[in-house]
Engineer: 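Would you mind keeping the following structure in view while I ask a few things?
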Amino acid sequence: MHARNSPYNKIYNRHLIIRNLFKKNFSRAEFARLTGLTRATITNLVDELIEEGLIRESDVNVKNNRVGRNPKTLEIVSDRYTIIGVDIARDGCTIGLVEFGGAVLISEPVALDRADSPETAVKIISDAIKNTILPECKKGSLLGLGITTPGPVDTMNGIIDSDIPDFSLWHGFHIVEAFKKYFDVDICLERDANAVSLAELYFGYGKHLDDFMCIISYVGIGFGIVKDRQLYSGKLGLTPELGHMSIKFDGEPCACGNRGCLYQYYGITNILKAVQKDVPDIVSWEQIVDKAYAGERYFIDIIDHYAGIFSIAVVNAVNLMALDKVILSGFVVYRPEMFLDAVKKYVLGSYIARNFFTVDIHMTNIKENENLLGAATIVIDDHFNRYT
């Protein structure tokens with residue numbers, strides 16, 4: 001283990017202050033008590049962050065029950081920066097503008113059906129950003145551009161993997177390099193589930209947790225891990241692909257090269273395809289949920305069935321990582337109680353360490369534009385982790 005040098009300490013401590021202020025407002029004295037840093041160190045870092053316009057002293061004072069004037073609190077300057085988000089999914093693309101404080105100011109779909117190459121798709125997206133997003137950016141406020149896609153992705157080199165199922169347009173594409181031809185800003189690429197996990201860490205249920213897993217219901221299953229308030233990543237920034245864990249060793253071949261992947265049995269496309277064999281006019285998860293809450297047994301059973309399949313992913317993740325906090329997001333956030341109760345029913349009696357700890361499973365409290373917020377958060381996180 002290497003000792004932290006002075007430049008690293010400064011980066012780490014700046015980031016520590018920013019991330020804690022995303023949780024709640026603090027005074028300088030509270031920061032010193034919270035972090036163990038000296039008052040002088042806190043003062044220097046805070047003054048620097050105030051000078052950059054990232055934080056400010058609030059007019060709200062802290063009641064400290066001591067003689068003398070109560071200290072003022074510090075708070076994030078939410079509109080100091082804006083970030084462009086680009087969320088490229090299997091079923092479309094969304095661009096947006098997000099404030100440093102987490103507010104999504106703009107969210108617009110971009111049609112890519114006429115794109116015959118990834119270069120053409122990037123040109124279409126870039127034109128939409130220039131026409132829709134850039135006119136709303138204040139001069140000097142643009143922090144960067146974040147891109148999210150299904151994984152795996154090479155975040156270090158800005159490359160999308162060449163074997164992602166149902167994502168053939170983008171296979172093997174150097175997407176960061178392509179966007180740099182259009183935008184002279186810092187550009188970050190991240191797997192969509194990882195970006196959502198970072199959004200949870202900064203702005204969602206996870207901001208009060210040190211360790212958690214985020215499992216997202218998409219066309220398949222997304223998975224991100226936060227450990228010690230840092231996004232977990234392996235070689236080249238790659239992270240675990242829970243959706244391609246086999247649950248049926250003799251199942252149908254998956255495009256990833258494996259057999260019987262979770263991806264083949266779960267996800268909104270598979271759910272709707274199965275339901276439409278019996279009820280052709282069902283076109284959304286929301287319809288399924290509404291009918292279940294109306295008491296229709298077929299749809300109650302559908303939710304229970306797919307909660308059971310989803311729970312295999314949760315149990316495998318808990319068994320693998322031995323973490324006790326799980327945040328769920330994706331299409332299941334709509335009227336989630338029935339699905340969540342079913343998942344808890346299947347999970348809580350199935351993971352191997354149940355005699356040692358209880359798994360807490362929660363729905364995200366970020367209800368809209370979570371992927372765009374994730375795209376912005378990867379830029380924020382990168383900025384403070386590499387700031388010099």
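FYI, the numbering just counts along the sequence from 1.
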Engineer: Checking the side chain of Ser141 only, and the main-chain atoms of Cys137 only, is there a donor and an acceptor separated by less than 3.5 Å?
Structural biologist: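 It does not hold such a pair.
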
Engineer: Does atom CG of Asp184 have more than 12 heavy-atom neighbours, drawn from other residues, nucleotides or ligands, at distances under 6.0 Å?
Structural biologist: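 Check fails, neighbour count at 12 or below.
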
Engineer: Between Phe203 and Ile366, which heavy-atom pair has the shortest distance, and what is it?
Structural biologist: C-CD1, 4.3 Å

Engineer: Write down the atom of Ala292, the atom of Ile303, and the distance for their closest heavy-atom approach.
Structural biologist: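 It is CB-CD1, 3.5 Å.
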
Engineer: If you count every heavy atom of other residues, nucleotides or ligands that lies below 6.0 Å from Lys123 atom NZ, does the total exceed 12?
Structural biologist: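 Open.
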
Engineer: Can you find a heavy atom in the side chain of Asn13 that is under 4.5 Å from one in the side chain of Ile17?
Structural biologist: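 Of all side-chain heavy-atom pairs linking Ile17 with Asn13, none is under 4.5 Å.
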
Engineer: Please confirm whether the backbone N or O of Asp163 pairs with a side-chain atom of Asp161, one donor and one acceptor, at under 3.5 Å?
Structural biologist: yes

Engineer: If hydrophobic clusters are built from ILVMFWY residues whose side chains come within less than 4.5 Å, do Leu323 and Tyr346 share one?
Structural biologist: no

Engineer: Nearest heavy-atom pair of Ile76 and Arg56: which atoms, and what distance?
Structural biologist: O-NH2, 4.4 Å

Engineer: Is any side-chain heavy atom of Tyr205 closer than 4.5 Å to a side-chain heavy atom of Ile327?
Structural biologist: yes

Engineer: Could you see if Val343 belongs to whatever hydrophobic cluster contains Ile247? Use Ile, Leu, Val, Met, Phe, Trp, Tyr and a side-chain cutoff under 4.5 Å.
Structural biologist: yes

Engineer: In the structure I gave you, are the side-chain heavy atoms of Arg28 and Glu57 within less than 4.5 Å of one another anywhere?
Structural biologist: yes

Engineer: I'd like to know whether OH of Tyr232 has more than 12 heavy-atom contacts from other residues, nucleotides or ligands below 6.0 angstrom.
Structural biologist: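 Counting other residues, nucleotides and ligands, OH of Tyr232 stays at 12 neighbours or fewer.
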
Engineer: Short question: side chain of Arg90, backbone of Pro165 - any donor-acceptor pair under 3.5 Å?
Structural biologist: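 Answer holds: yes.
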
Engineer: What residues, two or more places apart in sequence or in another chain, satisfy ring pair (Phe, Tyr, Trp, His ring centres under 6.0 Å) together with Phe331?
Structural biologist: Trp285

Engineer: Looking at Tyr263, Tyr266, Phe223, which one forms a ring pair (Phe, Tyr, Trp, His ring centres under 6.0 Å) with His244?
Structural biologist: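 Looking at Tyr263, Tyr266, Phe223, the match for His244 under the ring pair (Phe, Tyr, Trp, His ring centres under 6.0 Å) is Tyr263.
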
Engineer: Not counting sequence neighbours, which residues clear ring pair (Phe, Tyr, Trp, His ring centres under 6.0 Å) with Phe357? List them please.
Structural biologist: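 For Phe357 the ring pair (Phe, Tyr, Trp, His ring centres under 6.0 Å) partners, ignoring immediate neighbours, are Tyr351.
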
Engineer: So does Glu252 get a backbone contact from the side chain of Gln264, meaning a donor-acceptor N/O pair under 3.5 Å?
Structural biologist: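 Side chain of Gln264 to backbone of Glu252, a donor-acceptor pair under 3.5 Å: yes, one is there.
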
Engineer: Could Arg19 and Asp381 be called an ion pair, given the rule that one side-chain N must be under 4.0 Å from one carboxylate O?
Structural biologist: no

Engineer: Check whether Asn258 reaches the backbone of Cys254 with its side chain - one donor and one acceptor, N or O, closer than 3.5 Å.
Structural biologist: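 No, because the side chain of Asn258 does not come within donor-acceptor range (under 3.5 Å) of the backbone of Cys254.
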
Engineer: How many angstroms lie between NE2 in His305 and CD1 in Ile271, if you round to the nearest 0.5 Å?
Structural biologist: 8.5 Å

Engineer: Give a yes-or-no answer on whether the side chains of Thr148 and Asp87 include a donor-acceptor pair shorter than 3.5 Å.
Structural biologist: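 The answer is yes; a qualifying pair exists.
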
Engineer: Could you point out which residue of Leu37, Leu74, Leu45 forms a side-chain contact (heavy atoms from CB on, under 4.5 Å) with Phe31?
Structural biologist: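 Result for side-chain contact (heavy atoms from CB on, under 4.5 Å) with Phe31: Leu74.
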
Engineer: What's the verdict on salt bridge (Lys or Arg N to Asp or Glu O under 4.0 Å) for Lys24 and Glu75, showing C-alpha distance, side-chain angles and the deciding distance?
Structural biologist: CA-CA 8 Å; Lys24 58 175 287 190; Glu75 64 183 11; over 6 Å; no

Engineer: Are Thr149 and Phe167 side-chain neighbours, meaning at least one heavy-atom pair lies under 4.5 Å?
Structural biologist: yes

Engineer: Side-chain heavy atoms nearer than 4.5 Å, only ILVMFWY residues, links allowed to pass through others: does that put Ile312 and Leu348 together?
Structural biologist: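 As far as the 4.5 Å side-chain criterion goes, Leu348 and Ile312 are connected within one cluster.
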
Engineer: Determine, stepwise, if the pair Val226 / Leu209 fulfils side chain to side chain contact (heavy atoms under 4.5 Å, CB included).
Structural biologist: CA-CA 9 Å; Val226 170; Leu209 304 175; over 6 Å; no

Engineer: Taking all atoms of both residues into account, what is the closest heavy-atom pair of Leu112 and Cys93, and its distance?
Structural biologist: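 Looking at all heavy atoms of both residues, the shortest contact is CD1-CB, 3.7 Å.
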
Engineer: Please give me the minimum heavy-atom distance between Lys367 and Met363, naming the atom from each residue.
Structural biologist: NZ-CB, 4.5 Å

Engineer: Would you say the side-chain atoms of Glu200 pair up with the backbone N or O of Cys214, donor to acceptor, closer than 3.5 Å?
Structural biologist: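 Such a contact is absent between Glu200 side chain and Cys214 backbone.
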
Engineer: Show the numbers, then the answer: is there a salt bridge (Lys or Arg N to Asp or Glu O under 4.0 Å) between Glu52 and Arg80?
Structural biologist: CA-CA 9 Å; Glu52 293 173 35; Arg80 170 62 182 90; over 6 Å; no

Engineer: Got a donor-acceptor contact below 3.5 angstrom from the Gln287 side chain to the Val283 backbone?
Structural biologist: yes

Engineer: Hey, quick one: are Ile216 and Ile309 part of the same hydrophobic cluster, counting side-chain heavy atoms closer than 4.5 Å, chains of contacts allowed?
Structural biologist: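 No.
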
Engineer: Please evaluate residues Ile83 and Thr377 with respect to the criterion side chain to side chain contact (heavy atoms under 4.5 Å, CB included), reporting the C-alpha separation (whole Å), side-chain torsions for both, the decisive distance (0.1 Å), and the verdict.
Structural biologist: CA-CA 9 Å; Ile83 304 100; Thr377 310; over 6 Å; no

Engineer: Does a side-chain heavy-atom distance below 4.5 Å link Leu198 with Asn194?
Structural biologist: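 Not in contact.
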
Engineer: Would Lys10 and Tyr12 count as a cation-pi pair here, with the cationic atom under 6.0 angstrom from the ring centre and within 45° of the axis?
Structural biologist: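 No, cation not above the ring by the 6.0 Å, 45° rule.
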
Engineer: Taking salt bridge (charged side-chain N to carboxylate O under 4.0 Å, His left out) as the cut-off, I'd like each qualifying pair that reaches into residues 317-333, sequence neighbours left out, listed once.
Structural biologist: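 Applying salt bridge (charged side-chain N to carboxylate O under 4.0 Å, His left out) to every pair that reaches into residues 317-333, excluding sequence neighbours, yields Lys325-Asp360.
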
Engineer: Excluding sequence neighbours, so at least two apart, what forms salt bridge (Lys or Arg N to Asp or Glu O under 4.0 Å) with Lys138?
Structural biologist: Asp79

Engineer: Looking only at atom types and distance, does a side-chain atom of Asn319 sit under 3.5 Å from a main-chain N or O of Ile352, one as donor and one as acceptor?
Structural biologist: yes

Engineer: Mark yes or no for whether Asp211, through its side chain, and Asp228, through its backbone, hold a donor-acceptor pair below 3.5 Å.
Structural biologist: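 Yes, Asp211 side chain to Asp228 backbone: donor-acceptor pair under 3.5 Å.
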
Engineer: Would you mind listing every side-chain hydrogen bond (donor to acceptor under 3.5 Å, both in side chains) that reaches into residues 329-345, with sequence neighbours excluded?
Structural biologist: Asp290-Tyr334, Asp290-Arg335, Tyr293-Glu337, Asp304-Lys345, Ser329-Glu370

Engineer: Could you check whether any side-chain heavy atom of Leu145 comes within less than 4.5 Å of a side-chain heavy atom of Ile129, counting everything from C-beta outward?
Structural biologist: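 Leu145 vs Ile129: side chains touch.
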
Engineer: Taking Ile133 as the starting point, is it possible to reach Ile88 by hopping between hydrophobic residues whose side chains are less than 4.5 Å apart?
Structural biologist: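 The answer is yes; both residues are in one hydrophobic cluster.
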
Engineer: Could you report the tightest heavy-atom contact between Tyr265 and Lys248, atom names first, then the distance?
Structural biologist: OH-CD, 3.4 Å

Engineer: Is any side-chain heavy atom of Pro240 closer than 4.5 Å to one of Ile225?
Structural biologist: yes

Engineer: Got a list of side-chain donor-acceptor pairs under 3.5 Å for residues 98-109, not counting sequence neighbours?
Structural biologist:
unit_1: Ser107; atom_1: OG; unit_2: Asn369; atom_2: OD1; d: 3.1

Engineer: Tell me if a side-chain donor or acceptor on Glu51 pairs with a main-chain N or O of Asp47 at a distance below 3.5 Å.
Structural biologist: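 Checked: no pair found.
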
Engineer: Determine whether Ile95 and Val110 make a side-chain contact, defined as any pair of heavy atoms from C-beta on separated by less than 4.5 Å.
Structural biologist: yes

